[in-house]
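Heads up, the thing below is written out as structure tokens.
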Amino acid sequence: MSNVIDGKAFAANVRSDVARKVSTLKQDHNITPGLAVVLVGEDPASQVYVRNKGKQTIECGMESMEHKLPDTTTQAELVALVEKLNADPSVNGILVQLPLPDQIDADAVIGTIDPDKDVDGFHVINVGRLAIGEKSMVPCTPLGCIMMLKDHHGDLSGKNAVVVGRSNIVGKPMAALLLAENCTVTIAHSRTADLPAVCRAADIIVAAVGRPEMVLGDWIKPGATVIDVGINRIEGENGKSKLVGDVNFAEAAEHAGAITPVPGGVGPMTIACLLANTVTATCRQHGISEPD
Ligand code: GUN
């Protein structure tokens with residue numbers, strides 16, 4: 001049985017680091033970081049995320065500004081709000097919750113966020129900065145994954161890492177982060193030939209495809225580290241719905257050296273990293289070094 005990485009406990013540590021830094025920023029610089037979250041429409045999952053983000057932002061001592069707009073909002077109205085937030089010095093981080101209603105072009109809206117306030121790391125400027133190894137805002141889920149991997153392994157140099165999934169939000173930035181840690185990185189996807197064989201060569205597998213329990217036990221090299229980004233709701237044996245990842249946990253745990261569970265693995269790290277990014281963005285905007 002492998003070591004199960006406790007993402008909940010890890011995220012609690014990240015949040016307490018954030019709270020300590022926020023307290024130092026207030027005491028030493030009279031700065032309270034502010035995070036603006038914009039929600040358009042009534043998507044139930046998005047409402048839950050936004051509520052949790054607001055609650056955790058306040059718990060860390062930061063200011064939370066929530067902007068809830070109707071699902072009839074036009075692109076021009078949303079862009080006008082983002083521009084107002086860009087110009088507001090009390091707003092250090094801006095997050096526009098995705099998905100957006102069909103009438104709005106998400107890429108165009110993200111492109112109007114000030115890259116230095118883009119705590120999601122989705123703006124092309126931040127994507128480019130990350131790709132060339134410059135200081136950037138890093139997308140929260142891959143940032144959480146790399147933090148857990150570095151905590152578990154220490155040095156990642158020379159490891160064979162396979163990222164399954166090539167999304168802009170997880171797969172591609174994850175690969176960039178692993179490369180920056182000197183891993184040998186493969187990005188696998190739906191057209192990859194013999195995916196099980198590709199995975200079997202991996203010291204580190206990051207599964208981010210959105211397919212329930214797709215990665216099987218015999219795809220895992222003995223002792224490998226498995227990071228499961230998937231959150232899929234499926235019907236359990238008792239007819240009740242349950243959450244599973246992109247990895248068949250019971251099988252994979254028989255082979256892996258360490259594995260993240262679902263729920264309680266990567267999930268809790270995403271908001272914790274958003275809070276950490278907000279502190280980082282605040283410090284950069286004020287030209288001060290981040291407190292220890
Ligand atoms: N919707 C689901 N996850 C995310 C996220 O990390 N950021 C944004 N902006 N929207 C999301």
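Order of listing sets the numbers, starting from 1, for every ligand and every atom in it. Not measured: the values here are computed from a predicted model.
- A salt bridge links Lys150 to Glu181: one of the charged nitrogens lies within less than 4.0 Å of a carboxylate oxygen.
- Among the candidates Ile58, Asn277, Leu274, the single residue satisfying the side-chain contact (heavy atoms from CB on, under 4.5 Å) test with Leu35 is Leu274.
- Residue Gln97 has at least one heavy-atom neighbour below 4.0 Å for each of these atoms of ligand 1: 1 (N), 2 (C), 9 (N), 10 (N), 11 (C).
- Taking a 6.0 Å sphere around NZ of Lys26, one finds it holds more than 12 heavy atoms contributed by other residues, nucleotides or ligands.
- Looking at Val96 next to ligand 1, an N or O pair under 3.5 Å apart turns up.
- Considering backbone and side-chain atoms together, Asp120 places an N or O closer than 3.5 Å to an N or O of ligand 1.
- Of all non-hydrogen atoms in Ser241 and Arg233, the two that sit nearest each other are OG-NH1, 2.9 Å.
- Salt bridge annotation for Asp116-Arg129: present, with a cationic side-chain nitrogen under 4.0 angstrom from a carboxylate oxygen.
- If you number the atoms of ligand 1 from 1 as listed, the ones under 4.0 Å from a heavy atom of Leu95 come out as 9 (N).
- Contacts with ligand 1 closer than 4.0 Å are made by no heavy atom of Thr141, backbone or side chain.
- The shortest N or O to N or O distance between Tyr49 and ligand 1 is not below 3.5 Å.
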*Glu290 vs Thr280, side chain to side chain donor-acceptor pair (under 3.5 Å): CA-CA, chis, key distance, verdict*: CA-CA 7 Å; Glu290 195 163 329; Thr280 301; 3.0 Å; yes
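- Within the 4.0 Å heavy-atom criterion, both parts of Leu98, backbone and side chain, lie near ligand 1.
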